[in-house]
Amino acid sequence: NNSLPDDEKVNQASLIKVCLLHGIGKARLYKPCTSEWHRQNQGKMYEFNNELVSMRVGERSVYYALSHGITLTEEEYSAIINLDKSDDKMAEHHNSMLGDLLKTAAIFAIKHEKNKK
């Protein structure tokens, strides 16, 4: 955000908020594996939580935020929801600057983690 021209910078509080909240939808996607055999023989410590209603991570992140009293602007909501919609051309080409910065930050974080290994 700091390297953008002044007329393209986004609200820093919004940027921090979406960066912190965009991934909370992953929190309950997995639960401890209850099968001792799978734990011992396959090292499978967690399994997918099939009890959850089907939602994308961004959708679930927004749901968790809103259900815990966090308010989001339309732009913040859109940035989080559209982050994992790579197959949606409307979301890809009509994203806000906040959404684009969130996507860029996510890409940099993934590449940084891969380069550490």
Can I get a per-line list of side-chain donor-acceptor pairs under 3.5 Å for residues 28-35, giving both atom names and the distance, sequence neighbours left out?
from: K31; atom 1: NZ; to: E51; atom 2: OE2; distance (Å): 3.3
from: S35; atom 1: OG; to: H38; atom 2: N; distance (Å): 3.2
from: S35; atom 1: OG; to: H38; atom 2: ND1; distance (Å): 2.7

Is it true that a side-chain atom of [X] and a backbone atom of [Y] form a donor plus acceptor pair closer than 3.5 Å?
X    : Y    : answer
H112 : F108 : no
R56  : D84  : yes
S78  : E74  : no

Closest non-hydrogen atom pair between [X] and [Y], with its separation:
X   : Y   : result
L83 : H22 : CD2-CD2, 3.2 Å
S61 : G25 : OG-N, 2.7 Å
L21 : L72 : CD1-CD2, 4.2 Å
M45 : R39 : CE-NH2, 3.3 Å

For the atom pair CZ (R60) and CD1 (I24), what is the distance rounded to the nearest 0.5 Å?
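Rounded to the nearest 0.5 Å, the CZ-CD1 separation comes to 11.0 Å.
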What's the separation between atom CG in L102 and atom NZ in K17, rounded to the nearest 0.5 Å?
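So the gap between those two atoms works out to 13.5 Å.
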Return the set of residues passing side-chain contact (heavy atoms from CB on, under 4.5 Å) with [X] (not counting sequence neighbours), or none when no residue passes.
X    : value
E113 : K116
T73  : E75, E76
N11  : A13, S14

Just wondering, more than 12 heavy atoms not from [X] lying within 6.0 Å of its [atom1]?
X   : atom1 : value
F48 : CZ    : yes
E8  : CD    : yes
Y77 : OH    : no

For K9, is there an ion pair with D6 - N to carboxylate O distance below 4.0 angstrom?
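K9 and D6: salt-bridged.
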Which residues, ordered by chain and number, are linked to I16 in its hydrophobic cluster, where ILVMFWY side chains connect at heavy-atom gaps below 4.5 Å, directly or through other members?
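Besides I16, the hydrophobic cluster comprises L20, listed by chain and residue number.
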Please name all residues satisfying side chain to side chain donor-acceptor pair (under 3.5 Å) with K26, sequence neighbours left out, ordered by chain then number.
none
